[in-house]
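Shown next, in structure tokens, is the structure this report addresses.
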Amino acid sequence: MCKPIFLMAALLISLTAAPSFADQIRLYVSGIETVGVSNKDEMKVVVQTLLASRLNSAGIASVESLAEADVVVSGTYISTGRLFSVDAVAKTTAGKTLARAFVQGEKPDDLIPSVGALAEKLSSQLVKVYSRDKAVATPAIEIPHNTSVVTAPVSDFIKPQTEGPRSSSDWVSPRLTGAANLMALGATLPGGSRQIFLAESHRLAYYRQSADMKLVAEVELSPAGKIISLDTLQGSDGSVDIYVTIIRRNEPASQVWQVKGDKLVLVADKLAYFFRTANLFGAQKKLYAQAMGRNEDFYGTVAEASRSGSSIILKTKIAMPRFGTIYSFNQFRDRDGKAFTTVINPDGYLIVYDQQLKELWRSNDKFGGSELYFQKEDDLNMRLTGELTRWIFMNQRMQVSSKGEIVVGKNDGFWVLGNSRSYKRGAVYCLAWNGSSLEEKWRTRDTQNYMPDFFYDEAHNELLLLQTVQRPGLSERGASSLTIKKVE
Amino acid sequence: MNFKKTVAIAAAAGALAAVSVPAFALENEFHGMYRLRAMMSNYENAGGGALHAGTTADPTPTLTVFEQRARLQYIAKTSADLKLVTHFEIDSSWGDTAYSTGRGAGGAQAADTVNLETKNVYLDFNESLTGANVKVGIQGVSDAYKGILVTDDMAGILATKKFGALTGTAGFFRLQDFNGRPSTNPAPTGRKNLDLYLLDAKFAVSKDLTVGGSYYLVSRDDQFNAQNMHMIGANVAAKFNNITADGFLAYQTGDAIMATTKQDLSAFAAQAAIKADLGAAGTVRGNVLYTSGDNHAANSRKNDSWQCINSGDALTTSSASYYDSKMMLLMRNVVNMDTDKALIMYTNNNNRGLTLLTVGYDFKFNDKLAASANLGYGAASEKHGANSASIGTEVNAQVDYKLFSNLTASFQWAYVFLGDGMNKNNAVLLSGGKADADDPYLTALMLNYSF
């Protein structure tokens, strides 16, 4: 009977005796820029290594990766003739500056002692900042025995930690009439404004966005069809094709529009394809098409396509892995140039496949999520399914940056049950392949509303987030808003 | 062993089991539906089965029936490759019974009835060695011929595998184990059965053309030692510009599986359907279905009538349909619930077979409002001594209004001009016919919610 008690005691002792990592500042020395030296790469590594090792002290643990760090140190090594200066700044991972210091030397032999002196300066400042913060955070107040603890007054105003202050660089559109499901970017116009196209179920709108967002033209489509995808492709002559994928009476009956003056003009109709413009491997945007089969919702392979008048010419075919459709896939390369295909499966998990389309990795978290769907008549199975139609949900589309990073949206909902979906917030994630899994590089803070679509404008380094601020009702079209964030 | 030791061992075993249980990420998926159908008719009476105009009073009084159905589907999903699907149903007609136990009840004042039906319980998994999708258990199954042989819930196994453009399906289903009726047939379980074996193949020639072929075997060994019915069929679905079309041809041979005397079978069925998208003007549809009837004498050893599979202990409940006709009174309609009733309840049609022609029109006014209208004519393929083969001509209409994306309110109206085979004076009529019988009509308001 005594043995279990000893074991428990030993476990407790071992737990309490474990070193408290929370007392140490975990610091990572990131890149050191070099100016005025011939052997730049070598000098970067030298200064970085010296600084990291000398910063490692009793109060500071110099860690190996950014992911483990509380503090990030970056710096610059400047050399002019025989003189040199090393300037360093320590910031929190959120970007708040904590300490700044510099050292100078008159000859190369002074480098090592100078870096030691720099590490000392930074260390003392950091320890001071952290001990001050700690003192503020945990005031050593003695609580007299037999005295009830008085709860600190709670403010009537609670600031959500996850929301934080919106970046001053964010641009937010005014309320836009109509709950748009889809968004696509057109050309950047002279003067810097750009074309933005939004689509509701039966309506295509053309906006011009600069300091404000102005509705230029709008067309209402037949109620018999439903817009399920909106894509743009700029031709060599500068004209923008707007591919509007429409499902009409169980079949794709897509259209192509163009902007002529301030009007939207239909240039092709009744195209029996699903369309998408995508930047596979982060390369230039191209047009892709996939057909619908008699039995399959998405038939056969996805093919690169081009348009000639009202006819679509299919070119190179792309074999799809499991769960792969024109809307659920994208492709990227790793640092070695190896190609991978990634797919969001219908359950919302991100899957990475190798060149042989063999599954390599599957995310633990769900991504994507869309309230947009199309329906196909399925009355022959109604006796079995209880529904006259079958629901096919669209999903957030993935983009790939020129660096091979995956940019993907994610919506969370308070009610995602069967075919009833109601998401309440969204975010955009940037993930990079580290050789074995997709690793998060950054993500946006959550939007206040359902995010039906987003677009990463890599040329402007901006992220455009479409939000549904009011859902459509029996007689109202609802409303949307557009937020543009600078990706820093 | 004393009590303390026993408890200690049990506790240790329990703790060990708890520790060694693998961590499954189980996802829960729910679907469901609710339908209320309020009907005013001169023949709906909250009872299922064939409409026998001859047994109704004349003039037939108008009646009102309110029936409702709720379905709840729970799917326990371990991964994209493995899930357990369960599907339950609660049917009631307003005012039927209360404080009772049984299906399709509990709509009377005070309700309080045990009336939960289990429709489906099956395991759905992707088999890793072959890559085939397998469904094992009680599941919904439909033949590849729009259900004119069988479309129902049944227990068995169904495996589907894709080979490029070819999709192959194989299945086995135990439709009846006649030991379920021990008072009449005390054979051990598994000795006298009604089994269905399915082999289907579909080949997608292109995005616009799919061809298929089938072999079905229905095996029954509760009467005449053993009976086997073989069915082969071919089907096609195609699209030409704005026109979609499908067709099939099927032939049955072997034993007339649903006949009460031993008969050699030679029957066939053919169907063609076409749908034209007229753009903003709507859609027009046309369907033709023919099932062969028997033209031999009643005591003949031969039977040419199309066999459809029935269910229930007495094998009298129709498990076949042709919902594609969109008829509301002439044929079984897909929204029918406990009052599932039609002039032509079985595609076998009392061994007379069936000839059906329908045309329809669908129009969508906007995202919320849609309407359709249908006209259909039904006749027996063989008269069996009646003066006329005509069963009737139906005209119907339906207006659907979407209150929400998943809640639709519908108004239905249907009227059948009975044919001479059903109500002509001084004539030999088809079964169910009665001289001067009133034409059946139906008006219904319906709410359909699904998630």
Side-chain angles (χ1 to χ4, degrees), chain A residues 200-202 220-226 248-253 269-270 272-273 290-296 298-300 322-323 345-349 351 362 364 366 371 373 375 377-389 391 415-421 471-475, chain B residues 25 27 29-33 35 69 71 73 77 79-80 87 89 120 139-142 146-147 151-153 165 167 202 204 206-210 237-239 241-242 244 246 275 277 279-280 282-283 321 323-324 326 334-335 362-369 403-406 408 448 450-451:
Chain A
E200 295 163 58
S201 294
H202 313 290
E220 191 163 354
L221 310 182
S222 160
K226 181 174 183 178
R248 193 175 68 198
R249 298 191 184 95
N250 305 311
E251 306 282 343
D269 194 7
K270 296 177 187 168
Y273 289 101
Q290 189 173 18
M292 180 185 275
R294 296 301 88 216
N295 296 314
E296 301 93 345
F298 296 95
Y299 172 82
R322 188 178 177 208
F323 306 118
N345 79 357
D347 290 333
Y349 294 104
I351 305 174
R362 187 179 288 226
N364 292 311
K366 287 189 174 193
E371 294 178 12
Y373 62 89
Q375 289 177 297
E377 271 182 27
D378 196 26
D379 52 353
L380 294 181
N381 280 319
M382 188 183 174
R383 193 176 181 283
L384 311 175
T385 62
E387 288 225 52
L388 272 168
T389 53
W391 300 53
W415 193 29
V416 181
L417 192 68
N419 294 327
S420 292
R421 296 186 177 190
R471 286 188 160 78
L474 275 177
S475 54
Chain B
E27 285 190 21
E29 193 177 320
F30 293 93
H31 294 271
M33 60 83 79
R35 183 185 307 137
R69 164 170 290 173
R71 279 183 182 166
Q73 188 179 43
K77 207 171 193 176
S79 71
H87 203 171
E89 187 171 278
N120 301 143
Q139 57 195 285
V141 177
S142 189
K146 298 195 177 181
T151 174
D152 214 336
D153 298 313
T167 304
K202 275 200 189 298
S206 71
K207 72 182 177 68
D208 293 328
L209 179 64
T210 301
K239 184 179 179 233
N241 297 320
N242 61 336
T244 53
D246 64 75
K275 192 185 281 187
D277 179 358
T283 309
S321 70
Y323 295 133
D324 210 24
K326 315 269 185 195
V334 75
V335 297
D362 303 319
F363 186 77
K364 199 171 177 181
F365 296 93
N366 54 42
D367 209 18
K368 307 276 181 199
L369 187 64
L403 296 169
F404 298 95
S405 64
N406 44 12
T408 305
N448 257 311
S450 64
F451 62 87

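What you see below is based on every heavy atom in this structure, not just the backbone, and it leaves out hydrogens, waters and symmetry mates. Everything quoted here is computed from the prediction, not taken from an experiment. Note on naming: letters A, B, ... go to the chains in the order of the sequence lines (proteins, then strands), and numbering restarts at 1 for each one.
- Side-chain contact between A/K270 and B/N242 is absent, with no heavy-atom pair separated by less than 4.5 Å.
- Heavy atoms of B/F363 lying under 4.5 Å from chain A are absent altogether.
- Taking every heavy atom of both residues into account, B/K364 and A/A224 meet most closely at CD-CA, 3.8 Å.
- The shortest heavy-atom contact between B/A204 and A/E296 is CB-OE2, 4.3 Å.
- In this structure, A/W391 and B/S405 approach most closely via the heavy-atom pair CH2-O, 3.9 Å.
- Heavy atoms closer than 4.5 Å to chain A are found nowhere in B/T408, neither backbone nor side chain.
- Annotation for A/F323 and B/A80: closest pair CZ-CB, 3.8 Å, computed over non-hydrogen atoms.
- Neither the backbone nor the side chain of A/N364 comes within contact range of chain B; no heavy atom of the residue lies under 4.5 Å from a heavy atom of that chain.
- For A/A272, the parts lying near chain B are the backbone and the side chain together; criterion is any non-hydrogen pair under 4.5 Å.
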Using the side-chain contact (heavy atoms from CB on, under 4.5 Å) rule, take A/K366 and B/E27 through it: C-alpha gap first, then chi angles, then the decisive distance, then the call. CA-CA 12 Å; A/K366 287 189 174 193; B/E27 285 190 21; 2.9 Å; yes

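- Contacts of A/R249 with chain B are made by side-chain atoms alone, with heavy-atom separations under 4.5 Å and no backbone atom involved.
- In this structure, chain A has no heavy atom under 4.5 Å from any part of B/D246.
- Counting heavy-atom pairs closer than 4.5 Å to chain B, the top residue among A/R322, A/K226, A/R362, A/M292 is A/R322.
- The existence of a salt bridge linking A/E251 and B/K275 is excluded, since no basic side-chain nitrogen approaches an acidic carboxylate oxygen closer than 4.0 Å.
- With a 4.5 angstrom heavy-atom cutoff, B/L209 touches chain A only via backbone atoms.
- A 4.5 Å side-chain heavy-atom check between B/D367 and A/H202 finds at least one atom pair inside the cut-off.
- Going from atom OG1 of B/T283 over to atom CZ of A/R248 covers 8.5 Å, rounded to the nearest 0.5 Å.
- Considering only heavy-atom pairs separated by less than 4.5 Å from chain A, the leading option among B/K202, B/K239, B/Q139 is B/K239.
- Heavy-atom distances place the side chain of A/Y273, and not its backbone, under 4.5 Å from chain B.
- Across all their heavy atoms, A/A291 and B/K207 have their closest contact at CB-CD, 2.9 Å.
- For B/A165, no part lies under 4.5 angstrom from a heavy atom of chain A.
- Heavy-atom pairs under 4.5 Å with chain A peak, among B/D277, B/V335, B/L369, B/N366, at B/D277.
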